[in-house]
Amino acid sequence: MMSQMMPSQMHMSVEYSNGYMIQTQEPSNNDYTIQEDEWDRDLLLDPAWEKQQRKTFTAWCNSHLRKTGTGIENIEEDFRNGLKLMLLLEVISGERLPKPDRGKMRFHKIANVNKALEYITSKGVKLVSIGAEETSAKEGLLLWCQRKTAPYRNVNVQNFHVSWKDGLALCALIHRHRPDLIDYAKLNKDDPMGNLNLAFEVAEKHLDIPKMLDAEDIINTPKPDERAIMTYVSCFYHAFAGAEQAETAANRICKVLGVNQENERLMEEYEKLASELLEWIRQMTPWLEDKSPETSLAAMRGKLEDFRDYRRLHKPPRVQEKCQLEINFNTLQTKLRISNRPAFMPSEGRMVSDITSAWTGLEQAEKGYEEWLLSEIRRLERLDHLAQKFQMKATSHEAWSVGKDRVLSSKDYESCSLPELRALLRKHEAFESDLAAHQDRVEQVAAIAQELNELEYHAASVINERCQAICDQWDQLGTLTQKRRDNLERMDKLLETIDQLFLEFSRRSAPFNNWMEGAMEDLQDMFIVHSVEEIQSLISAHNEFKATLPEADCERQAILSAFTEVQKIAQSYGISRNIPNPYSDITPAEIGLQWEKVKKMVPQRDSVLQEEMSRQLANEQLRRQFAAQVNIIAPWIQTRMEEIGRNSADIGGPLEDQMSQLKQLEQVITNYKSNIDKLEEHHQHIQECLIFDNKHTNYTMEHIRVGWEMILTTIARTMNEIETQILTRDAKGISQQQMNEFRQSFTHFDRKKGGMETDDFRACLISMGYDLGESEFARIMTLVDPNGSNKVTFQSFVDFMTRETGDSDTSEQVLASFKILASDKPFIMPEELRRELPPEQAEYCISKMPLYKGPDGVPGSLDYSAFSTALYGESDL
């Protein structure tokens with residue numbers, strides 16, 4: 001009942017005029033009957049001492065009675081009728097006592113005093129004699145004073161008498177809790193009167209502590225009264241105890257709110273980073289899916305260069321962002337789980353799985369775009385080659401066909417002689433032979449045009465128009481040829497002789513001349529090859545052609561010998577040596593000129609083929625160099641991946657050692673990046689040389705890119721897992737040995753290395769000392785496997801074990817803290833939050849707390865209960 005004077009472990013003795021005193025606890029078994037300093041027995045009989053005792057106790061009683069608007073001046077007189085004594089007990093206890101007797105007779109007064117004493121006895125408080133010794137309350141109060149004044153100079157509280165004479169101890173207590181009331185640095189130890197009066201005045205004016213002592217009494221007494229000072233000092237304890245409790249509650253709330261605000265900042269950062277990454281993917285995907293073909297090879301190579309810039313400059317930073325995003329997400333979830341907050345659920349479309357899916361779609365589009373680019377470049381190269389070949393053959397055929405329709409339409413046979421007619425007939429036969437020889441050329445032109453159409457050549461309409469013109473002319477030539485033959489045959493009976501030598505010349509010279517034209521076309525024919533074997537095949541074919549030249553020369557000489565024979569006969573018989581050949585327009589001079597052209601083109605063809613052979617050999621060297629590099633880098637990446645796996649599987653050492661090893665390995669990987677860049681440059685050079693295959697290695701640049709991204713992602717994720725375990729261990733108070741035991745147990749029972757199955761998890765718990773029934777095991781499974789996958793991950797296992805072995809903050813703790821700040825009210829006011837919490841934390845609470853809707857609320861009151869449960873996901877605001 002008197003516990004308001006001192007801490008809950010402190011107890012006081014109070015003397016009344018009836019010879020009793022109230023003591024709240026019996027003396028303990030410890031020997032406290034011998035005081036720190038023995039009391040002077042003569043002092044008990046000193047009138048001055050008795051006066052000080054009365055004054056102190058009177059002031060203490062008035063400090064409580066003035067709450068009811070009354071007070072006392074004389075203890076014996078004012079407490080005699082028991083009325084104010086009962087009122088004092090009601091103020092101290094907060095309870096109503098029985099109704100007092102209002103009579104003025106002596107028995108009325110005795111009845112009231114007895115009611116007060118009966119109430120004290122009913123609360124378990126013993127009435128003991130005046131001579132009873134102090135209990136442990138004195139030591140508790142002394143310890144509190146020592147702890148609070150320890151940092152202050154010239155203050156050494158060892159008792160409740162001489163340690164307080166200079167007034168510095170009282171000023172230190174006030175300054176410790178209310179530094180705004182006293183400037184302790186300006187106090188002087190040699191001015192005890194000023195120090196004591198300052199403390200008394202400040203305490204009475206600002207702390208509502210009545211002035212129970214006189215500075216003169218304390219200074220002029222060799223040993224001030226211990227009980228009086230204890231009573232006065234206990235008022236300071238009660239004045240400041242509420243503030244300390246509120247400060248503790250405010251600090252707890254600030255800590256919880258700080259965690260909550262940091263989590264919200266991490267959530268906003270994740271949402272922002274995820275939105276930016278998804279937006280970049282949405283921008284890049286349509287570009288990679290746009291496969292609009294270009295009409296020129298240069299334009300397609302420009303697209304290929306843009307794609308290389310994307311791969312080299314734009315994509316790598318996004319790969320880092322994606323990896324960092326996953327790390328941030330895992331760290332945030334770990335912090336939420338450690339602080340008993342609900343798991344973070346990103347907004348729709350921004351889950352890690354959504355980003356992974358979008359990224360997979362981007363890489364698929366990227367792969368398809370690259371394959372399309374290379375395919376289009378090959379197609380355009382083929383188209384350019386075919387178009388040039390078409391132009392050359394079409395031009396050759398058109399040059400040959402010039403004037404043929406005019407000759408075939410001529411009616412010269414009507415006025416010629418028989419020899420001339422026979423000559424015309426033979427000439428027409430030679431033309432038909434030539435026409436048949438050109439059939440293959442026309443078919444080649446049509447076949448090339450057909451292929452250009454199938455490959456969607458951009459100028460196909462021009463090609464088709466020209467090809468159609470050639471075919472129409474060819475059909476017309478066939479019709480005219482047949483018609484002229486019919487006319488000549490009708491005149492054949494009229495003609496009798498014909499020069500057989502000219503005929504023989506014409507018959508042999510036309511095919512030979514056609515052969516030479518075909519050979520010149522072949523010697524000038526353009527080619528495209530991609531390997532040494534292909535150019536070697538062309539060189540072999542060319543060597544075979546050169547081997548036929550001697551036989552062709554013999555044929556040429558035989559043809560020329562027929563014309564020479566004509567000249568001999570003409571000379572022998574006096575015929576003009578300028579007799580025209582009626583069967584052919586081909587002359588020996590033309591054959592000789594064509595033959596010289598063929599011989600000149602042969603070495604030129606040799607030179608072109610050798611140049612291409614050199615280029616293919618250089619390309620082969622590039623292939624071998626690339627293979628040599630990639631065959632080293634790919635196994636290196638695989639080795640580092642295995643090192644990461646071994647490190648993550650090592651459960652023997654501290655987590656910090658594993659993190660250190662991973663950081664060293666991460667530095668090794670970072671330093672190796674230059675080798676990847678060199679390989680990228682070499683690969684770019686190979687593509688610029690249009691090298692698309694490599695038989696010297698099974699690895700491609702795409703393999704290296706995927707492996708490099710995988711090793712970066714794997715080491716980042718592994719480091720994040722180790723960091724998560726460190727965070728969990730430190731936050732939950734788990735020792736390194738406990739964490740190693742958890743990891744060792746999990747590894748032993750994780751038989752398939754994909755998470756413990758249900759039976760393995762049960763066996764693991766039994767091995768760790770858990771005696772599980774079916775219902776208890778089912779409850780634990782709902783905690784570690786909420787999705788019902790029948791798999792227990794290592795993180796779930798650690799979370800369960802830490803909940804079993806560690807402490808954590810709860811919504812009940814936060815709720816209790818707010819209740820203290822609200823002085824036990826079910827609501828709290830904004831001004832109370834601003835008074836007890838830092839400005840930022842106070843405004844955060846005011847903005848988040850809902851209005852209190854209870855019947856006992858006041859305007860503007862806030863519901864801290866709903867806010868506390870919402871912090872831990874137990875309700876919605």
K.L.:
Quick one: list whatever passes side chain to side chain donor-acceptor pair (under 3.5 Å) with Gln324, sequence neighbours left out.
P.N.:
Asn328
K.L.:
The criterion is salt bridge (charged side-chain N to carboxylate O under 4.0 Å, His left out); which residues satisfy it with Asp354, sequence neighbours excluded?
P.N.:
none
K.L.:
With sequence neighbours left out, write down each residue that passes side chain to side chain donor-acceptor pair (under 3.5 Å) with Asp785, or none if nothing qualifies.
P.N.:
Ser789
K.L.:
Please check if the side chain of Arg178 supplies one atom and the backbone of Phe240 the other of a donor-acceptor pair under 3.5 Å.
P.N.:
no
K.L.:
Just jot down the side chain to side chain contact (heavy atoms under 4.5 Å, CB included) partners of Glu95, sequence neighbours excluded, or say none.
P.N.:
Ser93, Tyr119, Lys123
K.L.:
So, using ring pair (Phe, Tyr, Trp, His ring centres under 6.0 Å) as the criterion, who are the partners of Tyr152 when residues are at least two apart?
P.N.:
His175, Tyr184
K.L.:
Could you go through residues 818-830 and list every donor-acceptor pair under 3.5 Å that involves a side-chain atom there, pairing it with any protein atom two or more places apart or in another chain?
P.N.:
from, atom 1, to, atom 2, distance (Å)
Lys825, NZ, Ala822, O, 2.7
Lys825, NZ, Glu832, OE2, 2.9

K.L.:
Under the side chain to side chain donor-acceptor pair (under 3.5 Å) test, which residues partner Thr285, sequence neighbours left out?
P.N.:
none
K.L.:
What salt bridge (Lys or Arg N to Asp or Glu O under 4.0 Å) pairs are there with at least one residue in residues 266-276, not counting sequence neighbours?
P.N.:
Arg265-Glu269, Glu271-Arg350, Lys272-Glu276
K.L.:
With sequence neighbours left out, what residues match Thr331 under side chain to side chain donor-acceptor pair (under 3.5 Å)?
P.N.:
Asn720
K.L.:
Only counting residues at least two apart or in another chain, list the ones meeting side chain to side chain contact (heavy atoms under 4.5 Å, CB included) with Thr713.
P.N.:
Glu326, Arg717
K.L.:
Going by the rule side chain to side chain contact (heavy atoms under 4.5 Å, CB included), which residues pair with Lys255 if we only count those two or more places apart in sequence or in a different chain?
P.N.:
none
K.L.:
Please identify each residue that fulfils side chain to side chain contact (heavy atoms under 4.5 Å, CB included) with Thr360, with sequence neighbours left out.
P.N.:
Thr356, Gln364
